[in-house]
Protein chains: 2
Amino acid sequence: MIEPDGHFCSDCAVRATAVCSSLDRAELKEFERLGRRVSFAAGETVFSEEDITTSFYNLLEGVMRLYKLLPDGRRQIVDFALPGDFLGMNIAGRHNFSADAIGAVTVCQFAKTAFGRFVEDRPHLLRQINELAIRELSQARDHLVLLGRRSAEEKVATFLLNWRARLVSLRGSSDTVPLPMNRQDIADYLGLTIETVSRTFTRLERLGVIEIIQGGISLLDPARAKALAAA
Amino acid sequence: MIEPDGHFCSDCAVRATAVCSSLDRAELKEFERLGRRVSFAAGETVFSEEDITTSFYNLLEGVMRLYKLLPDGRRQIVDFALPGDFLGMNIAGRHNFSADAIGAVTVCQFAKTAFGRFVEDRPHLLRQINELAIRELSQARDHLVLLGRRSAEEKVATFLLNWRARLVSLRGSSDTVPLPMNRQDIADYLGLTIETVSRTFTRLERLGVIEIIQGGISLLDPARAKALAAA
DNA sequence: CCGCCGAATTGATCTGTATCAACTGCCTTT
DNA sequence: AAAGGCAGTTGATACAGATCAATTCGGCGG
């Protein structure tokens, strides 16, 4: 964990998309003093499930895996976080999932109490955080359907399409889809084993739907992928 | 769908637990005019996934199933709703799941716009709704772990314990656990088939953990159930 | 009280995915 | 360039849970 130099919210990479997007110039000035940039190396844990929440985080750069562990070590990844995502909202004062850096990561960290005080008398910010929570809830429900009712092939196809959609809305369109997470991460996100994910990837490649490339895939036939993803 | 007579919030059954619990006497008076009681018969659909959201609902009496359907008819129940639960929060103006009455149900229905206006200048209510969303999000994540990483036996045991816990916090402790939903509902909640649920129930009964009774189960050995539910 | 009907249970078999085990290929280290 | 190691792939086999098929149970109408 490294703490880089000071910064300015006004030229932050996620200024337009993150929670802070609803703040006006004056508020931003004040807000600036609440957060500090912190970097994590690949594989480092930013916070753990059992930890008492003392900070919120705005992901600025990199990708994170958010997950829960069972006592015997089985892992379920509940989400991948991308730049602009806000982490740490919780009940009962404890994080209810863990968060690791996948590759190098930079976050904007806020002390919980100071952040809470700042939100206190800014209902528009609260409203935005609420919308965020509801959006995540909706995503989580889609994920429930995926885990509970879809086959391995549907799971993988859906994952690739959704992941691509997120990257597109972040970086713009492209048919090559980088996959910074490894096969085990994908398996733990989809409720599968690493072998099944691998086999499904090769099957999709043989069908001409994707091409497996270094650090990701190339989506050769999006329409076909959509057909495999739906029912 | 039947619309019963007028009512008073002050003697509402869910007054203490529902969203309206954060309202003071004066606010409640005003709030009263926003909601109207509506009843649904067993099996009726209160709202559907694709519907444009025009109302929010406070469940007053009965149990509901909240679910999503795949195009080919596969169903995933994302939650069961109990009295005091608030339904309808969404993004993009559309419900993102459907809601059926299991047995007879009474809800307190609010027009979305009027409710929105009421919340507008009452940050404490917004804060409560936010907390609600975050609590649901946390629950949804637990459900993800259940669906993605647990065996049939663990799923069923966990479901019974969680369902009992919800009923306990609503009606007080008891070792007989009513199950108003049918086996298909349980199966669709747990990502299993009806046969697997049934077999798992009988296995748990043979193990002396539960007894299957009319309309529910009796939890004979809670400690053993907890052991089966964990890993 | 009888017969009907949907829900639940039980049984037999099948299959998708897990598990166990090797192998491959790529990056890293020296 | 060789060696080591980890991520990913591929193969063989096992098995949990799905599917297909009766059968039983319990509530309800006549």
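Within every chain, numbering begins at 1; the chains are lettered A, B, ... in the order of the sequence lines, protein sequences first and strands thereafter.
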Just list the side-chain donor-acceptor pairs under 3.5 Å for residues 54-61 of chain B, sequence neighbours left out, or say none.
| residue | atom | partner | partner atom | Å |
| --- | --- | --- | --- | --- |
| B/Ser55 | OG | B/Gln109 | NE2 | 3.0 |
| B/Tyr57 | OH | B/Gln109 | NE2 | 3.4 |

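Atoms CZ (A/Phe201) and P (D/dT9) sit 8 Å apart, rounded to a whole Å. Atom CD1 of A/Ile186 is separated from atom P of D/dA7 by 14 Å (rounded to the nearest Å). Here the C1' atom of nucleotide D/dG8 and the CZ atom of A/Arg203 are 16 Å apart, to the nearest Å. If you take CG of B/Leu190 and P of D/dG17, they are 12 Å apart, rounded to a whole angstrom.
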Scan nucleotides 20-26 of chain D against the protein and return all N/O pairs shorter than 3.5 Å with their distances rounded to 0.1 Å.
| residue | atom | partner | partner atom | Å |
| --- | --- | --- | --- | --- |
| D/dC20 | N4 | B/Glu195 | OE2 | 2.9 |

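Here A/Thr202 lies in heavy-atom contact (under 4.0 Å) with sugar-phosphate atoms only. Within the nucleic acid shown, B/Gly215 has no heavy atom closer than 4.0 Å to any nucleic acid atom.
Applying the ring pair (Phe, Tyr, Trp, His ring centres under 6.0 Å) test to residues at least two apart or on different chains, none of the pairs has a partner in residues 60-79 of chain A.
Checking side-chain atoms of B/Ser218 against main-chain N and O of B/Leu220 turns up no donor-acceptor pair under 3.5 Å. Of the possible donor and acceptor atoms, one in the side chain of A/Arg149 sits under 3.5 Å from a partner among the backbone N and O of B/Leu192.
The stretch residues 174-183 of chain B comes close to DNA chain C through B/Asn182, B/Arg183, each having a heavy atom under 4.0 Å from the strand.
Nearest-nucleotide positions on DNA chain C for A/Leu192 and B/Ser198 put B/Ser198 closer to the 5' end. Comparing B/Thr196 and A/Val197 by the nucleotide of DNA chain C that holds the closest heavy atom to each, the one mapping nearer the 5' end is B/Thr196. Between A/Gln184 and A/Arg149, it is A/Gln184 whose nearest contact on DNA chain D lies nearer the 5' terminus.
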**Prompt:** Given the rule in the salt bridge (Lys or Arg N to Asp or Glu O under 4.0 Å) test, do B/Arg74 and A/Glu154 qualify, once you have shown the distances and angles that lead to the verdict?
**Reply:** CA-CA 13 Å; B/Arg74 280 175 289 177; A/Glu154 291 171 337; 2.8 Å; yes
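Here the options are B/Arg183, B/Arg75, B/Arg65, B/Lys68, the test is salt bridge (charged side-chain N to carboxylate O under 4.0 Å, His left out), and the partner is B/Asp188; only B/Arg75 passes.
B/Thr106 and B/Ser39 are linked by a side-chain donor-acceptor pair at a separation below 3.5 angstrom, with hydrogens and angles left out of the test.
The aromatic rings of A/Phe80 and A/Trp163 sit perpendicular to each other, their planes meeting at more than 60°, with 30° as the lower class boundary.
At its two ends the helix from C/dC1-D/dG30 to C/dT30-D/dA1 runs along axes set 40° apart, each axis drawn from five pairs and the angle rounded to 10°.
For DNA chain C, the contact window with chain A, defined by any atom under 4.0 Å from a protein heavy atom, covers C/dT17 to C/dC27 in 5' to 3' order.
Contact check for A/Leu160 versus A/Phe201: side-chain heavy atoms found under the 4.5 Å cut-off.
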